[in-house]
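Below, chains carry the letters A, B, ... as their sequence lines are ordered, and counting in each starts from 1.
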Protein chains: 2
Amino acid sequence: MTDEPKPGTSWLADSLRQAGYKLTAPRLAVLRVLEAEGEHLSPAEVLERGRAIYPTLSRATVYRTLELLTGLGVIRPIYLGDGGPCFTYARGGHHHLVCSACGAVIEFNECVVGELAQTLSDQFGFQIKSHLLEFYGLCGDCQ
Amino acid sequence: MTDEPKPGTSWLADSLRQAGYKLTAPRLAVLRVLEAEGEHLSPAEVLERGRAIYPTLSRATVYRTLELLTGLGVIRPIYLGDGGPCFTYARGGHHHLVCSACGAVIEFNECVVGELAQTLSDQFGFQIKSHLLEFYGLCGDCQ
DNA sequence: CATTTAATTGAGACAAAATCTCAGTTAGAT
DNA sequence: ATCTAACTGAGATTTTGTCTCAATTAAATG
């Protein structure tokens with residue numbers, strides 16, 4: 001075994017493989033970008049960074065792969081500030097304070113939704129994988 | 001005093017007026033659409049429905065008005081499923097269960113964030129106006 | 001009520017983002 | 001090694017969002 005992980009052994013890659021999708025070089029490039037950055041990447045950024053890994057990566061493939069991963073529930077599009085959608089892992093929780101005026105995003109860690117998640121899961125027969133909790137308002141500077 | 005609107009006046013219109021913006025017919029058409037539907041309207045839908053009220057309403061005006069209201073913190077863009085952004089009131093809380101597979105959105109009412117909101121408000125000097133709590137996963141049909 | 005003025009508007013050019021098509025390529029099963 | 005359905009890139013196309021500018025208008029003022 002080398003120190004380098006084999007291609008296609010990450011959580012994202014495993015998700016694709018287990019769902020029966022092929023692990024192609026263009027897809028692996030997208031996965032590597034998502035795994036390297038992890039948070040808050042727009043499709044355009046994924047394309048740009050992905051081409052550093054796999055130069056002929058096409059925009060269509062980026063969108064297709066993001067859609068695929070979204071459908072599998074392993075990444076999620078979210079909205080931060082005014083900059084269009086970006087993608088983040090759909091694992092665990094994401095917690096933001098978003099300023100309506102300047103668009104600043106503050107992350108916090110308290111998680112108060114665990115019990116509620118269980119209740120909702122039971123109540124609606126919904127299998128919960130992740131959550132997003134955002135507060136909107138005015139940051140200290142903008143008040 | 002109270003946020004309860006007087007009869008004949010709307011919360012959105014009052015927000016614009018109090019911020020010093022003119023209450024024009026095109027803007028009122030947009031407000032009426034938002035107030036009639038309230039939730040989850042895309043800019044294209046606002047334009048289409050707005051033109052039923054004010055036929056020459058332009059796309060630019062829709063975007064400008066949505067941006068204005070967003071800047072005032074009275075509506076918020078959110079992403080549901082795979083569609084583009086849609087707008088919803090930035091008042092109180094919005095609580096969704098979103099299915100990663102089929103895009104179904106279930107709303108629920110339990111609110112567990114009140115105490116946390118106060119804590120964060122104190123901790124970050126952030127004035128909180130609304131929140132969004134979404135759970136992602138698989139709905140009963142898609143499991 | 002008429003005048004004034006700065007905010008607001010629509011139309012359409014423009015730019016950016018996202019989707020679709022299709023012939024060629026490829027991962028992975030056999 | 002072969003086969004085949006899944007996948008791909010390139011670029012056309014559509015959709016979405018932004019910008020400009022001359023014309024219009026809300027509302028303050030007299």
Novice: Nearest-Å distance, CG (A/Leu68) to P (D/dA6)?
Specialist: 13 Å
Novice: More 5' along DNA chain D: B/Pro43 or B/Lys22, using each one's nearest nucleotide?
Specialist: B/Pro43
Novice: Quick check: does any side chain N or O of A/His40 sit under 3.5 Å from a backbone N or O of A/Ile78, one acting as donor and the other as acceptor?
Specialist: no
Novice: Quick check on contacts: within residues 56-66 of chain A, what sits under 4.0 Å from DNA chain C by heavy-atom distance?
Specialist: A/Arg59, A/Ala60, A/Tyr63, A/Arg64
Novice: DNA chain C: B/Arg27 or B/Arg51, which has the more 5' nearest nucleotide?
Specialist: B/Arg27
Novice: Applying side chain to side chain contact (heavy atoms under 4.5 Å, CB included) between A/Val30 and each of A/Val46, A/Leu47, A/Ile53, report the one that passes.
Specialist: A/Val46
Novice: Roughly how many Å is it from CG in A/Leu47 to C1' in D/dT8, rounded to a whole number?
Specialist: 14 Å
Novice: Just wondering, are more than 12 heavy atoms of other shown residues or ligands nearer than 6.0 Å to CZ in B/Phe108?
Specialist: yes
Novice: At what distance, to the nearest 0.5 angstrom, does CZ of B/Arg27 lie from CG of B/Leu12?
Specialist: 13.0 Å
Novice: Out of curiosity, B/Phe126 CZ to A/Cys139 SG, how far, rounded to the nearest 0.5 Å?
Specialist: 6.0 Å
Novice: Rounding to a whole Å, what distance do you find between B/Leu28:CG and D/dT25:C1'?
Specialist: 13 Å
Novice: Looking at the side chain of A/Pro26, which of D/dA27, C/dA27, D/dG9 is the nearest nucleotide?
Specialist: D/dG9
Novice: To the nearest 0.5 Å, what is the distance between CG on B/Leu68 and CD1 on B/Ile75?
Specialist: 9.0 Å
Novice: Can you measure B/Leu23 atom CG to D/dA28 atom P for me and round it to whole angstrom units?
Specialist: 11 Å
Novice: Expressed as a whole number of angstroms, how long is the span from B/Tyr54:OH to C/dT8:C1'?
Specialist: 10 Å
Novice: Starting at CD of B/Glu48 and ending at P of D/dT16, how long is that distance when rounded to a whole Å?
Specialist: 11 Å
Novice: C/dT9 phosphate, OP1 or OP2: any side-chain N/O from B/Thr24 under 4.0 angstrom?
Specialist: yes
Novice: Quick one: side-chain hydrogen bond (donor to acceptor under 3.5 Å, both in side chains) pairs with a partner in residues 127-142 of chain A, sequence neighbours left out?
Specialist: A/His95-A/His131, A/His96-A/Glu134, A/Glu134-A/Tyr136
Novice: Rounded off to whole Å, could you give me the CG-to-P distance for the B/Leu16 and C/dA7 pair?
Specialist: 15 Å
Novice: Rounded off to whole Å, could you give me the CZ-to-C1' distance for the A/Phe87 and C/dA17 pair?
Specialist: 12 Å
